[in-house]
Amino acid sequence: MEERHIKERPEVGDAGRDVERSVAVELSGVTKRFGEFVAVDDLTLDIYEGEFFSLLGPSGCGKTTTLRMIAGFEEPTEGGISVDGDPVRGVPPYRRPVNTVFQSYAIFPHLNVFDNVAFGLRRAGVKGEELQRRVTDACEMVQLSGFEKRKPSMLSGGQQQRVALARALVNRPKVLLLDEPLGALDLKLRKEMQLYLKNLQHEVGITFIYVTHDQEEALTMSDRIAVINEGKVQQVADPPTLYELPKNRFVADFIGQTNVFSGTVESVREGHVTLRTSSGEKVEVTARGVEVEVGQEAHAAVRPEKIRFGSEGDNVSSTTIRQIVYLGVSTQYITELSGGERLVLYQQNSREEDNPEVGEEVPVAWDARNCLILGG
Amino acid sequence: MGKGRHGWSLGLAGLLSPVTIWLGLFFLVPLLFILAYSFGKSGVYGGITLGFYPGNYLKVFNPLYLDIIVRTLVIALTNTLLCLLLGYPLAYFIAFKGGRRKHILILLIMIPFWTSLLLRAYAWVVILGGNGIANRTLQFLHITDHPLDLIFTPQAVTMGMVYSYLPFMILPLYAALEKFDRRLKEAAQDLGASRWHTFWRVTFPLSMPGVIAGSILVFIPSAGEFVIPNLLGGARTVMVGNLIQQQFLEARDWAFGSALAVMLAVLLVGAIMFYVRKVGAEKLEGV
């Protein structure tokens, strides 16, 4: 099913499938240096209107710097940023049509919820009944009705988070920037807020640019994701493409878990590649996107959930079970191939059967079409 | 369990008793003496007869003394405002732009404390005196051809007081601004507030604890000040502190001196309570 899904939407991110969609934020050749350190390196991105776009990467990859450049707290060393079609170089943060939900929330501790939410509207000259109505609506939208007179110190983390959200959204910005806004919440609340944010974005139709290091969070919420590492964009795509067709080894490793075989290309024919690892393991791969030649060094990746116990498939190997981790929905088996490589696989816990035990030698199999040649 | 709690309260009593005894003996008891004296009656050669003679307090409302009390409050208030106006930008600068030199800059603010207040006040006498450095410089530059009356003026007193009390304003302001989460500034700007608005809507209200602490630290001692007006104010700028000193040491009217001291204390406590209520309430209301 996933296979079909991918074929229908080839290279969604890069091609820009909807030509008529207008661009909300355009970054062209943006570079940011702090002294010697290059935080963002020649970043070019188009973020469309009404899109939930995530910047995903490990900490220190430049994603927050990118967000701060869009907000106006930093200016790019090189390159240009346009918001809603207008270049914003030199425009101070308070004149940009964007609002930010900060990682720390940055709620004004001396103001109550109402005054926090009204802050931006008051600066924009909104008064009286309209101010009252819009603030009340915003509080209602984030389910904080009745909390208007409360001080931030009397709110829980999740409530403060929603105040920050209302305070930004009430201004009806062109673009809402969110800097790891769920980072401080506990897991259950975070999961709730993910779905809530996704629905909210759908409702208000405002472009969201969401910075996170949590790949699961990005996959759950985003229309499109830019994976960033060391200041460079690794891949821009929708979540299924990113997961099923990672462009390089970094993306494959960062998004979900993956098993990577490194070796030499033994044969290439009709989109079918055979890889031979240094330990002699043979891996059959259906080649997509990446061009390889015989004799070349290459990596092949296969997701743990695409491997099964059994001896029927394009690739069959004998493994020894080293560790078993029960995960609830599934069980993770960490196994060792005869050549010493580690191979991780997941099995759904839906069936009752004789599961292998630690130390047992079992054959595993996976199909060539679930295996991928990686660039980089 | 009960033993543990008992032990804790014993420990607390142990920790607090030295300070309680100290303050009781050397602060509370003398204060009670003053209160008792203020209702007493001074003898012709000093000495005091205890009793209930409210006349001392009625004497305070003599226009001559009332004038001095009002002047004292005006000088203390002026001093507090000037210290705030001069100290705030400096504290702001050190807290936000000081970078790694912050601690050195704060140390420089505290350096005057290494010399006695008396010496520093005398230094101003040398500077402002009739034949002092300031007058000689002005004459040398031909800005004036005769010595100006710089010393023994209310302005000289204010100058000396601002100089002496500025650090008491800067330190609490710095402490408050230092703690300030500068991400709040970014949040304000993100929400459309210019630098001006960001300062008045966010930074300043959040530095209010420092403003309050600094104002109290400057206002109270400057209302009771007697060294600086004595040296720089001469006979024309008498403050309540000087008056009390005179009553105790020269006029030997301990009863009236005590009544003045009690009145001053009551006035100051009232003023501080009013100030904290007013400013504190505004702070709570927000915008």
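Sequence lines set the chain letters: A, B, ... in the order given, protein chains first and strands last, and positions in each chain run from 1.
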- Task: Measure from the side-chain N and O atoms of A/T44 to the backbone N and O of A/G29, and report whether any donor-acceptor pair falls under 3.5 Å.
- Result: yes
- Task: Give, as side chain, backbone, both or neither, the part of A/N171 having an atom under 4.5 angstrom from any heavy atom of chain B.
- Result: side chain
- Does a sphere of radius 6.0 Å around CZ in B/R183 hold more than 12 heavy atoms from other residues, nucleotides or ligands, not counting ones at 6.0 Å or beyond? no
- Can you tell which of B/R195, B/H197, B/K185 has the highest number of heavy-atom pairs within less than 4.5 Å of chain A? B/H197
- Item | Contacting moiety of A/R68, where chain B heavy atoms sit under 4.5 Å | side chain
- Item | A/K174 atom NZ: more than 12 heavy-atom contacts under 6.0 Å | no
- For A/F108, is it the side chain, the backbone, both or neither that has a heavy atom under 4.5 Å from a heavy atom of chain B? both
- Item | Contact class of A/I107 relative to chain B, heavy atoms under 4.5 angstrom | backbone
- Message: For A/R133, is the CZ atom crowded, meaning more than 12 foreign heavy atoms sit under 6.0 Å from it?
- Response: yes
- Message: Heavy-atom count check: over 12 atoms from other residues, nucleotides or ligands less than 6.0 Å from A/R89 CZ?
- Response: yes
